[in-house]
Amino acid sequence: MKRNIVIAVVTAAALVGGGTATALAVSGDDDDASTPVTRTDDDRDDRDDRSDDGGDDGDRAAAPGDVTAADAIAAALKHTPGTAVSAELDDGSWEIDVLGKGDTWHSVRVDPGTGKVLGSSKDDEDDAAEVRAALKGTSVTAEQAAKAAAAKGTVVSVDLDDDGDDRGWEAETRASGGDGQDWSVGLTTASVTADRDDD
């Protein structure tokens with residue numbers, strides 16, 4: 001009887017403790033007493049393995065409630081003032097390129113789950129004048145382009161195409177099934193059209 005009470009108390013403690021617990025109760029009354037073992041499994045490891053579903057970190061953008069491209073751009077510009085020129089979900093974080101004063105470029109990383117800035121780095125590039133010329137007289141920002149393209153799916157990248165006569169914002173969206181689609185967003189109208197297939 002005393003042994004059963006000990007087992008019950010230890011088992012209850014193991015269950016309340018939540019986690020993997022092993023409770024052993026040994027009776028001093030019998031020489032041949034068995035050693036009952038009570039084990040409760042914790043599913044915390046299963047929750048931590050959510051990223052092992054075969055997808056890459058870029059798939060986080062498709063999850064509801066995550067930080068959108070437009071939100072990530074806004075967070076980057078709040079941290080590092082300037083002109084956002086691209087945003088891409090890469091290696092588990094948003095990477096936003098911001099053109100600052102002069103020829104200074106900033107690469108700002110934003111957490112796709114919280115919208116917090118994870119860090120930034122500074123570079124001097126030689127294409128700043130070209131980018132400024134491409135954006136001169138335009139009215140649609142990268143953030144606005146991301147919002148416009150979001151009507152077509154989850155935006156995973158926005159980039160300025162400053163080549164030739166077809167200047168505009170390029171956006172890539174992903175459908176819930178993972179299929180990607182490229183879009184062109186106008187620099188003055190924010191009109192969204194399917195990007196021509198170059199294949």
Side-chain angles (χ1 to χ4, degrees), residues 51 55-100 104-121 123 125 127-199:
S51 61
D56 60 16
D57 288 337
D59 291 338
R60 292 201 65 214
D66 280 353
V67 174
T68 66
D71 294 338
I73 292 168
L77 291 176
K78 185 175 181 181
H79 180 270
T80 306
T83 302
V85 176
S86 70
E88 181 180 10
L89 191 56
D90 187 40
D91 292 333
S93 66
W94 282 107
E95 292 186 14
I96 295 90
D97 288 332
V98 177
L99 177 57
T104 304
W105 285 93
H106 302 272
S107 180
V108 183
R109 291 183 307 110
V110 176
D111 187 295
T114 65
K116 291 183 179 179
V117 172
L118 300 173
S120 66
S121 59
D123 285 314
E125 298 288 341
D127 61 346
E130 186 178 321
V131 169
R132 289 189 198 285
L135 290 173
K136 187 173 183 179
T138 66
S139 57
V140 178
T141 65
E143 182 179 353
Q144 292 166 333
K147 287 179 180 178
K152 304 295 185 180
T154 301
V155 178
V156 293
S157 72
V158 175
D159 192 22
L160 177 65
D161 180 4
D162 57 359
D163 293 332
D165 297 330
D166 294 331
R167 294 180 306 151
W169 294 105
E170 293 179 341
E172 182 185 354
T173 60
R174 294 267 170 88
S176 57
D179 294 333
Q181 174 69 47
D182 293 328
W183 305 93
S184 293
V185 182
L187 288 171
T188 57
T189 64
S191 60
V192 181
T193 56
D195 199 10
R196 292 193 308 265
D197 188 1
D198 294 330
D199 293 340

Inset, instruction - Give the minimum heavy-atom separation between Leu187 and Gly168, together with the two atoms involved. - result: CG-CA, 3.5 Å
Inset, instruction - Mind checking the CG-CG spacing from Asp97 to Asp159? Nearest 0.5 Å is all I need. - result: 8.0 Å
Legend entry - Least distance between heavy atoms, Ala69 atom then Ala146 atom: CB-CB, 3.9 Å
Legend entry - Contacts of Thr193 that satisfy side chain to side chain contact (heavy atoms under 4.5 Å, CB included) - sequence neighbours left out: Ser184
Inset, instruction - Please identify each residue that fulfils side chain to side chain contact (heavy atoms under 4.5 Å, CB included) with Asp161, with sequence neighbours left out. - result: Asp163, Glu170
Legend entry - side-chain hydrogen bond (donor to acceptor under 3.5 Å, both in side chains) involving Ser157 - partner list, sequence neighbours excluded: none
Legend entry - Pairwise distance CD1(Ile73) to OG1(Thr141) - rounded to 0.5 angstrom: 7.5 Å
Inset, instruction - Quick one: list whatever passes side chain to side chain contact (heavy atoms under 4.5 Å, CB included) with Ser139, sequence neighbours left out. - result: Thr188
Inset, instruction - Mind checking the CG-OG1 spacing from Asp66 to Thr114? Nearest 0.5 Å is all I need. - result: 10.0 Å
Inset, instruction - Compare every heavy atom of Val185 with every heavy atom of Ala148, then report the nearest pair and how far apart it is. - result: CB-CG1, 4.3 Å
Legend entry - Pairwise side-chain contact, Asp111 with Val67, heavy-atom cut-off 4.5 Å (strictly under): no
Inset, instruction - Measure the CG-CZ distance between Leu160 and Arg167 for me, rounded to the nearest 0.5 Å. - result: 8.5 Å
Inset, instruction - Would you please name every residue forming a side-chain hydrogen bond (donor to acceptor under 3.5 Å, both in side chains) with Asp127, sequence neighbours left out? - result: Trp105
Legend entry - Any residue meeting side-chain hydrogen bond (donor to acceptor under 3.5 Å, both in side chains) with Thr189, in chain and number order, not counting sequence neighbours: Ser191
Inset, instruction - Can you measure from CG (Asp182) to OG1 (Thr173) and round to the nearest 0.5 angstrom? - result: 8.0 Å
Inset, instruction - Check Ala149 against Ala171 and note the closest heavy-atom contact, atom names and distance. - result: CB-CB, 3.7 Å
Legend entry - Distance (rounded to the nearest 0.5 Å) between Arg132 CZ and Asp162 CG: 13.0 Å
Inset, instruction - Applying salt bridge (Lys or Arg N to Asp or Glu O under 4.0 Å), name anything that partners Lys147, two or more places apart in sequence or on another chain. - result: Glu143
Inset, instruction - Looking only at non-hydrogen atoms, find the nearest pair between Val110 and Ala72 and report the distance. - result: CG2-O, 3.8 Å
Inset, instruction - Check side-chain hydrogen bond (donor to acceptor under 3.5 Å, both in side chains) between Thr68 and all other residues, then give those that pass, not counting sequence neighbours. - result: Asp71
Inset, instruction - Not counting sequence neighbours, which residues clear salt bridge (Lys or Arg N to Asp or Glu O under 4.0 Å) with Glu95? List them please. - result: none
Legend entry - Sequence-distant partners of Ala194, side chain to side chain contact (heavy atoms under 4.5 Å, CB included), two or more places apart: Gln181, Trp183
Inset, instruction - Please check if the side chain of Trp169 supplies one atom and the backbone of Val140 the other of a donor-acceptor pair under 3.5 Å. - result: yes
Legend entry - Whether Arg109 side chain and Ser93 backbone form a donor-acceptor pair below 3.5 Å: no
Legend entry - Atom of Leu77, atom of Ala84 and distance for their closest heavy-atom approach: CD2-N, 3.8 Å
